[in-house]
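Below you'll find the structure, written out as structure tokens, and then a few comments.
Only heavy atoms go into these numbers, but all of them, side chains included; no hydrogens, no water, no symmetry mates. In this chain, numbering begins with 1 at the start of the sequence shown.
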Amino acid sequence: MQYSTFAAIDIGSYDVILEIFEISKKQGIRSVDKICHRMELGKDTYTLGKIRPEMEEELCRVLADFVRIMEGYRVDDYRATASSAISEASNSLYVLGKIHQLTGLSVTVLSNSEQRFLSYKALAAMEDNFNKIIEKGTAILDLDGGSFQISLFDKNNLVVTENIPIGAVRVRDYLALIGHKSGRLDEIMADYVDNDIVSFRNIYLKDKEIKNIIAVGEVVSSLKKIVPELSIKDVITRAQFDAMYKRVISMPAQELAEKYGIPYERATLMLPNITIYQSFLNNCKAEEMYVPDVDFCECIVANYMD
């Protein structure tokens, strides 16, 4: 069988990921390897406004390792992308130049609209029921470390999309800076997030009925691990989500990491993630949330194939 080998690199807010794919006309896309390195670029960018030298060096070391892995697989082509963790850094051009000089990789920095477009494109390509779901009022919630994109569909048409700067890393680190000695962290976080979500509801949801929610983002797969006894696959009911929410707010990040096998850095993002989703659910009438396992490397390869 004739196939080509493709590498997708995603430089995200708290992960740097390499995924190797085989692409053939008969079988389409097949993932053959995936390497994930945890590093919180977003923590530097969203709190300091720039990427520190030690983080630059670590990123270049990781990407140099990725290049060696790509050479081992003899990849035919690759795409490397980065989003807000790089684009919002004041030294982004220097970092990109250093990456190219030390690794040979050319990294494309995606705008917010480009990043979301690739996500929706991959959803439409990989989820058989996508077009059927968005026939009725549907909100796609795309949550990452830097922002929360809400896109409303009705009768297969995108009617509004809005980017809100309340990503999981940004919310967590902002509250860490101001401190939370005056009350429970989950309550303070909920109040902080609700301000933006309620504003969105008052502007865009007054005359719209949201029947379906599709949640995508870098932490959705980890959230599903929090309640293994519910055997959640592709759909979370409102009752299941409430059980998940109660579990997350009752356990510190260290306990979540140890009990459910989640990397600690990602476990620290469970509370802001689930708080943002909870706030949106409280402001619409949807009773189910679709949670497809589509990561951004799959978005990159879907766009490459197209």
Exercise for the section: Verify the cluster assignment for M39 and I262: are they in a single hydrophobic cluster under the rule of side-chain heavy atoms below 4.5 Å apart? Expected result: no

Problem - Within-4.5 Å side-chain heavy-atom neighbours: T268 and R266 - result: no

Exercise for the section: Go through the structure and list residues passing salt bridge (charged side-chain N to carboxylate O under 4.0 Å, His left out) with R238, not counting sequence neighbours. Expected result: D242

Handout entry: Donor on one side chain, acceptor on other, D194 and S279, under 3.5 Å
Key = yes

Exercise for the section: Consider only side-chain heavy atoms of I, L, V, M, F, W and Y, link residues closer than 4.5 Å, and tell whether V75 and V107 are in one cluster. Expected result: yes

Exercise for the section: Would you please test V198 and N283 for side chain to side chain contact (heavy atoms under 4.5 Å, CB included) and show each step? Expected result: CA-CA 7 Å; V198 169; N283 283 282; 3.9 Å; yes

Exercise for the section: Measure up the F21 and F6 rings against each other and bin them: parallel (under 30°), tilted (30 to 60°), perpendicular (over 60°). Expected result: tilted

Exercise for the section: Take E258 and Q254 through the side chain to side chain contact (heavy atoms under 4.5 Å, CB included) test and state the conclusion after the steps. Expected result: CA-CA 6 Å; E258 292 172 357; Q254 186 66 45; 2.9 Å; yes

Handout entry: Side-chain H-bond candidate by donor/acceptor type, E114 with S111, under 3.5 Å
Key = yes

Exercise for the section: Look up atom SG in C36 and atom CG in D15, then write down how far apart they are to the nearest 0.5 Å. Expected result: 3.5 Å

Exercise for the section: Please check if atom NZ in K208 has more than 12 non-hydrogen atoms from other residues, nucleotides or ligands closer than 6.0 Å. Expected result: yes

Practice task
Using the side chain to side chain contact (heavy atoms under 4.5 Å, CB included) rule, take L59 and M55 through it: C-alpha gap first, then chi angles, then the decisive distance, then the call.
Solution key: CA-CA 6 Å; L59 177 59; M55 192 69 81; 5.7 Å; no

Handout entry: Any side-chain heavy-atom pair of F153 and N157 under 4.5 Å
Key = no

Exercise for the section: Would you give the length of the straight line joining atom CD1 of I214 to atom OH of Y120, rounded to the nearest 0.5 angstrom? Expected result: 9.5 Å

Exercise for the section: Work out which heavy atom in A215 is nearest to a heavy atom in P292; give both atom names and the distance. Expected result: O-CD, 3.7 Å

Problem - From N212 atom CG to I140 atom CD1, the distance as rounded to the nearest 0.5 Å - result: 10.5 Å

Handout entry: Verify same cluster id: I188, I249 (apolar side-chain graph, 4.5 Å)
Key = yes

Handout entry: Interatomic spacing from CG in N282 to CD1 in I197 - rounded to 0.5 Å
Key = 10.5 Å

Problem - Approximate separation, where rounding is to 0.5 Å, of I11 CD1 and F296 CZ - result: 11.5 Å

Handout entry: Between CD1 on residue I23 and OH on residue Y304, distance to nearest 0.5 Å
Key = 6.0 Å

Exercise for the section: Verify the distance criterion only: is there a donor paired with an acceptor across the side chains of N303 and K121 at less than 3.5 Å? Expected result: yes

Problem - Charged N-O contact under 4.0 Å between E135 and K155 - result: no

Handout entry: SB check R52 E57 (cutoff 4.0 Å)
Key = no

Handout entry: Geometric cation-pi criterion R170 and Y46, 6.0 Å radius, 45° cone
Key = yes

Problem - Close side-chain approach of T81 and I9, heavy atoms under 4.5 Å - result: no

Practice task
Taking the side chain as every heavy atom from C-beta outward, state whether N163 and F148 have any atom pair closer than 4.5 Å.
Solution key: no

Practice task
For R116, check salt bridge (charged side-chain N to carboxylate O under 4.0 Å, His left out) against everything at least two apart and list the hits.
Solution key: D142, D144

Exercise for the section: Quick one: closest heavy-atom pair of S92 and S87, and the distance? Expected result: OG-O, 4.3 Å

Problem - Validation row: L41, I51 side chains within 4.5 angstrom (heavy atoms) - result: yes

Problem - For E209, salt bridge (charged side-chain N to carboxylate O under 4.0 Å, His left out) partners two or more places apart - result: K211

Problem - Taking every non-hydrogen atom, the tightest pair across L18 and A7 - result: CD1-CB, 3.9 Å

Exercise for the section: Using only heavy-atom distances, determine whether the side chains of Y245 and T275 contain a donor-acceptor pair under 3.5 Å. Expected result: no

Fill in the blank from the handout: Residue pairs passing the ring pair (Phe, Tyr, Trp, His ring centres under 6.0 Å) test with at least one member in residues 186-209, sequence neighbours excluded, are Y174-Y192, F200-Y204

Fill in the blank from the handout: Between Y3 and S24 the two heavy atoms that sit nearest each other are CB-CB, 3.9 Å

Problem - 4.5 Å side-chain heavy-atom contact, I213 and C284 - result: yes

Handout entry: Side chain proximity check, L143 to N273, heavy atoms < 4.5 angstrom
Key = yes

Handout entry: Side-chain donor-acceptor pair present, T5, E22, cut-off under 3.5 Å
Key = no

Problem - Which residues share a side-chain contact (heavy atoms from CB on, under 4.5 Å) with H100, sequence neighbours left out - result: S106

Problem - Minimum side-chain heavy-atom gap D154-T138 below 4.5 Å - result: no

Handout entry: Distance-only polar pair, side chains of N112 and Q149, donor-acceptor under 3.5 Å
Key = yes

Completion exercise
Smallest heavy-atom separation, L118 atom then C299 atom, equals O-CB, 3.6 Å

Exercise for the section: Quick one: list whatever passes salt bridge (charged side-chain N to carboxylate O under 4.0 Å, His left out) with D33, sequence neighbours left out. Expected result: none

Problem - Residue pair G145 / Y14: nearest heavy atoms and the distance that separates them - result: CA-CE2, 3.7 Å

Exercise for the section: Count the heavy atoms of every other residue, nucleotide or ligand shown that sit under 6.0 Å from CG of L93, and state whether that count exceeds 12. Expected result: no

Handout entry: Enclosure of K98 NZ (heavy-atom neighbours >12, cutoff 6.0 Å)
Key = yes

Exercise for the section: Give a yes or no on whether I236 and I276 share a hydrophobic cluster (residues Ile, Leu, Val, Met, Phe, Trp, Tyr; joining criterion: side-chain heavy atoms under 4.5 Å apart). Expected result: yes

Practice task
Applying side chain to side chain contact (heavy atoms under 4.5 Å, CB included), run through D295 and I17 and close with a yes or a no.
Solution key: CA-CA 10 Å; D295 64 31; I17 301 171; 5.9 Å; no

Exercise for the section: Identify the residue among Q240, E288, M289 that makes a side-chain contact (heavy atoms from CB on, under 4.5 Å) with V235. Expected result: E288

Handout entry: Salt bridge flag under 4.0 Å for residues R172 and E40
Key = yes

Handout entry: Enclosure of K224 NZ (heavy-atom neighbours >12, cutoff 6.0 Å)
Key = yes

Practice task
Tell me yes or no: between the side chains of D234 and Y290, is some donor less than 3.5 Å from an acceptor?
Solution key: no

Exercise for the section: Examine V16 and I35 and state if one hydrophobic cluster contains both, with Ile, Leu, Val, Met, Phe, Trp and Tyr joined whenever side-chain heavy atoms are less than 4.5 Å apart. Expected result: yes

Problem - Salt bridge present between R79 and D77 (N-O < 4.0 angstrom) - result: yes

